[in-house]
Amino acid sequence: MSELPTPSLPQESGLPPLDAEGLLKLYREMVLIRRVEELAAKAYTMRKILGFCHLYIGQESVAVGAASATPDDYWIAAYREHGHALAKGVSANAVMAELFGKATGTSLGLGGSMHIFDKDAKFMGGYGIVGGHVPLANGVGWAIKQRNEGRVCLCYFGDGAAHQGAFFEALCLAQLWKLPVVFICENNFYAMGTSIDRQSHLTDMSLRANGVGMAREQLRGFDVEHVRERVGAAAKFAREGNGPVMLEIITYRHRGHSMSDPAKYRPKGELEEYKLNSEPLALTKRRLEQDFGVSAERIAAVHQEVEAVAEEAWNFAESSPDPDPATLYDHVYAE
Amino acid sequence: MALIPIREALRAAMREEMQRDPSVFLMGEEVAQYDGAYKVSQGMLAEFGPDRIVDTPISECGFAGLGIGAAMVGMRPIIEFMTWNFSLVAYDQIVNSAAKIYQMSGGQYKVPIVFRGPNGAAENLASQHSTSVESLYAHFPGLKVVTYATAYDAKGLLKSAIRDDSPVCFLESEMTYGMKGEVPDEEYLIPIGKADIKAEGSDVTLVTWGKQVFTCQAAVETLKSQGVSAELLDLRTIRPLDREALFNSVAKTGRCVVVQEGYPFSGVGAEIVAQLQEHCFDLLDAPVLRITNRDVPQPYATNLEKLVMPSAERVVTAARRVLGLER
Ligand SMILES: Cc1ncc(C[n+]2csc(CCOP(=O)(O)OP(=O)(O)O)c2C)c(N)n1
Ligand SMILES: [Mg+2]
C-alpha cells in the first residue's frame with residue numbers, strides 16, 4: 001500500500017491575534033451582511049428583487065473570517081455570494097443596487113443576485129452553474145504564480161458542487177501544477193433539499209483532496225476567529241508555494257435554499273439547535289462581552305451604525321435608475 | 001376530459017408509462033423526496049419507490065451518462081435536468097454518446113432515453129439560467145427534439161418520447177407548468193414529428209413552438225382585429241421537422257414569420273428559413289422574417305429583459321412587414 005503523499009498545513013497562520021477592536025470590526029461585518037440580507041429578503045417579498053435570491057444568513061462567519069486573512073487576495077464564489085462580496089469589501093450600496101437590477105449595481109443590473117462582480121475588490125464573481133466556476137480559480141492561481149504576485153485565490157462552493165466533474169478536474173490540475181488556490185467547500189449540509197448523507201458516501205468533502213494528494217482540513221466555521229486562523233494557515237501554505245489546499249468549512253444556512261424554498265426537509269429542531277448553539281453573530285457577541293469586556297453600549301452602537309448603512313443601501317438602490325435601454329448591446333464583446 | 005395543469009399532464013404521462021413498462025425509471029436532482037424542483041414528479045416516489053424515482057447528487061454528466069448506459073442494455077430512463085441550462089455540463093454525453101451510439105455501433109445498440117426539463121428563459125434569472133437549447137441539440141442527427149405548448153400536447157408527446165427507441169430531448173417550460181388545459185381521460189399518444197395548426201389562417205404563417213405559441217396566439221388576435229388572417233403552426237417537434245405541414249401552410253399563405261426563443265444566429269429559425277427558401281422559393285411572396293431573442297446574453301434587469309424576449313408586438317410588426325403593410 002502506498003502512503004498518501006498529502007502535505008499538512010501549518011499549525012499557525014502567523015496572523016497577529018485579534019484584539020477587541022479587531023474582533024469588533026469582524027462582528028460589524030457579520031452584522032452588516034445579516035442586515036443587508038434581511039432587507040433583501042424584505043425587498044424580495046415586495047418584488048423589488050426578482051428571480052433567484054439565495055441568502056447567506058447563518059454562514060457569515062465563514063466569509064468574514066476568511067476575508068480578514070486574505071484582504072488583498074482574489075476571491076471567486078457561487079450564487080450564494082452576497083455575503084462574500086460584502087466581506088471582501090464590495091459596497092453595500094452597489095450590492096443592493098445589483099439585487100434591485102439598477103444601473104448603479106456592481107454589474108450594472110445585468111447580473112442580479114447570482115452574478116456580483118467587483119474588480120477593484122478582487123471579487124471575481126458569483127456564478128450560477130453549480131461547480132462551473134471552480135476551474136477558473138486555477139487560472140487565477142496560474143497567473144499569480146507566473147507573475148510571482150504572492151497572492152492566493154480563494155474559491156468558494158457548496159457541498160453539492162463537490163459532486164461536479166468540473167470540481168474534480170480542477171483539483172487534479174491545481175495539485176499537478178501546485179497552484180496557489182484555496183478551495184473552500186462551505187458544507188451547510190444541504191444541496192437544495194438533498195442532505196449531505198443522501199448525496200455522498202463520504203460526508204467530509206475535504207477528503208476529496210486525498211485523491212490528488214492535496215493538503216486538506218475540515219473545520220467548524222461558526223467561530224469567526226477560528227475561520228480566520230485556519231484560512232490564514234491555508235493561505236500561508238499556498239502563498240509560500242506549497243501548492244493548493246482544500247478546506248471543508250462546516251456551516252449552516254438558516255433560510256431555505258432560495259427565497260422560494262420553504263425548507264421543509266430539515267429534521268425537526270435542527271435549525272433551532274444551530275440558532276441556539278452555533279449562531280455566528282451570537283457567538284462573537286458573547287466573546288466580545290465576556291472575554292474582551294466590550295460594553296453592551298459599544299455593541300449597540302455597532303448595530304446602529306450598520307443599520308444606517310443597510311438602510312442607505314436600500315435607499316440608494318431604490319432611487320437609482322434602471323439600466324438605459326440604449327445600453328442593451330454594450331458589453332457583449334470587449335472594446 | 002379533465003382540466004389539469006401541464007405539470008400534472010407530464011406527471012400522468014410518466015406514471016402511465018412507468019405502470020405499463022417496468023424498464024422505465026426517472027432520475028434527476030430533487031425528483032424524489034422533494035417532489036421535483038417544479039413539482040412535476042410530485043407523489044411519484046411514494047407510488048414507484050426509490051429504485052424507480054431516483055434522487056441524484058449534482059452530477060449531470062454522471063447521471064446523463066448512466067442513463068445512456070442503462071438505455072443501451074434495455075432500460076428506458078427518463079433523465080430530468082432541473083433546467084436545460086445544466087444539461088450543458090452533460091453535453092458531451094448527450095451529443096457524443098446518446099446521439100451517435102446507434103449509428104456507430106452499426107445499429108446494434110439502441111439508446112431509448114428521454115432527457116427532459118424546463119428550457120429557455122423564465123424571468124429575471126440572468127444569463128446563465130436563461131438559455132434556450134433547442135438549436136444546440138437539434139443540430140445533431142440521432143437526437144430528436146420535442147416540445148409542447150398545451151397540456152394535451154405535453155402528455156401525448158411525452159408518452160411517445162418515452163416509447164421512442166431513439167434519444168429524445170424533451171423541452172418544457174417552468175413558466176407554463178401551472179397552465180391548465182383539457183386532457184382526455186382515456187389514453188392517447190401524439191406522434192413525434194407532427195406539427196399542429198393551432199389557428200387557421202390564410203394571409204401569413206406564424207411558425208413557432210413551446211411557450212412562444214402563446215406569444216403568437218396573442219399576435220394572431222391582434223392581427224385579426226386589423227383584418228389579417230394569420231395561421232399559427234406549432235411545430236411541436238423540432239427534429240425531425242414536419243416539413244410537409246410547414247410547406248403546406250406556406251403554400252397556402254405565401255408569407256411566413258418564424259418566432260423562436262434563443263438567439264437568431266444559427267438558431268432553429270435559421271434552419272426553417274433555409275428549408276423554405278430551398279423548397280418553397282416559388283411559393284413565397286415575401287422574404288421570411290424571424291422574431292427571436294435579441295442577440296445578447298440575457299440581462300437581469302426587468303426592463304432590459306423585456307426588450308430581449310420575443311413579444312406579440314414584435315410578431316405583429318413582422319407579420320405586417322411580410323404583408324407589405326408596414327416597412
Ligand atoms: C450544474 C447545475 N445543476 C443544478 C443546478 C441547480 N442548483 C442550484 S444551487 C443547487 C444546490 C447547490 O448546493 P451546494 O453546492 O451545497 O450550495 P449551497 O446552495 O448549499 O450554498 C442546485 C442543485 C445548478 N445551478 N447547476
Ligand atoms: Mg450546501
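Numbers restart at 1 for each chain; the letters A, B, ... are given by sequence-line order, proteins then strands. Keep in mind the model is a prediction, meaning the values are calculated, not measured.
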Contact check, side chains of B/Leu88 and A/Ile129, non-hydrogen atoms, under 4.5 Å: no
Best-contacting candidate, B/Ala126, B/Ser127, B/Gly62, B/Ala32, against chain A by heavy atom pairs under 4.5 angstrom: B/Ala126
Side chain / backbone / both / neither for A/Leu108 at chain B, heavy atoms under 4.5 Å: neither
Top contributor to chain B contacts, counting heavy-atom pairs under 4.5 Å, from A/Asp322, A/Thr327, A/Asp324: A/Asp322
Worked verdict on A/Tyr329 versus B/Arg294 for side chain to side chain contact (heavy atoms under 4.5 Å, CB included): CA-CA 9 Å; A/Tyr329 290 96; B/Arg294 307 274 184 201; 3.3 Å; yes
Within 6.0 Å of CZ in A/Arg266, more than 12 heavy atoms from elsewhere: yes
B/Glu29 portion near chain A, given a 4.5 angstrom heavy-atom threshold: neither
Interchain contact, A/Tyr127 with chain B, by part (heavy-atom threshold 4.5 Å): both
Whether A/Tyr265 and B/Tyr34 hold their rings parallel, tilted or perpendicular, with breakpoints at 30° and 60°: tilted
A/His115 vs B/Gln128 side-chain heavy atoms within contact, under 4.5 Å: yes
Among the listed options A/Gly111, A/Ser107, A/Pro323, A/Gly160, the residue most often paired with chain B at heavy-atom distances under 4.5 Å: A/Pro323
Gap between atom CG of B/Asp55 and atom CE of A/Met192 - 0.5 Å precision: 12.0 Å
More than 12 heavy atoms from other groups under 6.0 Å of NE2 on B/His139: no
For the student: nearest non-hydrogen atoms of B/Val296 and A/Leu328, plus distance: CG2-O, 3.4 Å
NZ (B/Lys180) with more than 12 external heavy atoms under 6.0 Å: no
Side-chain donor/acceptor of B/Tyr300 to backbone N/O of A/Leu99, under 3.5 Å: yes
Nearest-0.5 Å distance that lies between atom NE2 in A/His163 and atom CZ in B/Phe63: 12.5 Å
Closest heavy-atom pair and its distance - B/Leu125, A/Gly51: CD2-CA, 3.7 Å
A/Phe52 ring center within less than 6.0 Å of B/His129 ring center: yes
Heavy-atom side-chain contact between A/Thr194 and B/Pro57 under 4.5 Å: no
Heavy-atom pairs under 4.5 Å with chain B, option from A/Ala162, A/Ala103, A/Gly193 with the top count: A/Gly193
Nearest heavy atoms of A/Pro325 and B/Leu307, plus distance in Å: CB-CD1, 3.6 Å
